[in-house]
Amino acid sequence: MQYWLMKSEPDVFSIDELKKRETSLWDGVRNYQARNFMRNDMKVGDSVLFYHSSCEPPGVAGVAKVASVAEPDPSQFDKKSEYYDPKATKDKPIWYCVRVKFVEKFPRLVSLAELRATKELKDMLVLKKGQRLSIQPATAKEFECIRRLARR
DNA sequence: GCCAACGTTGGC
DNA sequence: GCCAACGTTGGC
């Protein structure tokens with residue numbers, strides 16, 4: 001069982017939207033490293049910290065879990081989608097995505113500033129300078145620490 | 001295979 | 001809106 005942090009801009013897709021839909025494909029990822037995490041490493045039942053980025057304030061908004069292993073991202077075939085990739089074919093998909101399931105919205109957002117201020121979390125990838133990857137591995141310790149912070 | 005130019009991410 | 005950091009593209 002692994003732990004992950006997944007970033008999303010709440011204007012595009014938020015924890016509230018996931019709650020409403022219950023499950024959703026995590027589509028639109030167009031970075032190979034992030035794709036590889038989804039395609040190669042994510043397993044059903046893995047826990048996900050749902051991170052809101054490019055907003056005020058950025059931070060961890062809640063928890064999801066992986067509901068199904070990766071499948072070809074349908075948006076790569078959709079000419080009307082902003083994620084359309086003309087190089088992808090159904091025989092040879094390029095992009096993959098997992099399905100995630102809503103678990104909980106935190107009683108309050110745990111902000112990036114708060115993550116930075118927490119000694120236990122100092123090694124988190126999301127705090128590293130220049131770390132832009134939208135999907136990052138996390139540890140059980142980090143996961144539990146953030147869940148505790150959210151209830152303080 | 002190098003690397004300059006360009007595009008994107010995302011905090012501030 | 002700025003810009004640092006990083007990834008991708010494409011000419012050579």
A:Pro137 meets the side chain to side chain contact (heavy atoms under 4.5 Å, CB included) criterion, sequence neighbours left out, with A:Trp4, A:Phe37, A:Leu125
From NZ of A:Lys7 across to P of B:dT9 the rounded distance in Å is 10 Å
In whole angstroms, the gap separating P of B:dT9 from CG of A:Leu133 amounts to 12 Å
So the ring pair (Phe, Tyr, Trp, His ring centres under 6.0 Å) pairs with at least one residue in residues 114-149 of chain A (sequence neighbours excluded) are A:Tyr3-A:Phe143
Those residues at least two apart in sequence (or on a different chain) that pass side chain to side chain contact (heavy atoms under 4.5 Å, CB included) with A:Ser14 are A:Pro10, A:Asp16, A:Glu17, A:His52
Applying side chain to side chain contact (heavy atoms under 4.5 Å, CB included) to A:Thr89 and not counting sequence neighbours gives A:Asp91, A:Lys92
Going 5' to 3' through nucleotides 2-8 of chain B and flagging B where a protein heavy-atom sits under 4.0 Å of the base, S where only the sugar-phosphate is that close, and - otherwise, we get -----BB
Per the under-4.0 Å heavy-atom filter, residues of residues 118-130 of chain A near DNA chain C come out as A:Lys129, A:Gly130
Between OH of A:Tyr51 and P of B:dT9 the distance, given in whole Å, is 15 Å
Those residues at least two apart in sequence (or on a different chain) that pass side chain to side chain donor-acceptor pair (under 3.5 Å) with A:Asp85 are A:Trp95
Item to complete: May I ask you to say what A:Arg30 touches in the nucleic acid, namely base, sugar-phosphate or nothing, with a heavy-atom cut-off under 4.0 Å?
Response: nothing
Taken in chain and number order and not counting sequence neighbours, the residues that satisfy salt bridge (charged side-chain N to carboxylate O under 4.0 Å, His left out) with A:Asp41 are none
- prompt: So if you build clusters from Ile, Leu, Val, Met, Phe, Trp, Tyr with side-chain heavy-atom gaps below 4.5 Å, do A:Ile146 and A:Val63 land together?
  reply: yes
Distance-only donor-acceptor pairs under 3.5 Å for side chains of residues 126-133 of chain A, two or more places apart:
unit_1, atom_1, unit_2, atom_2, d
A:Lys128, NZ, A:Asp123, O, 3.4
A:Gln131, OE1, A:Leu133, N, 3.0

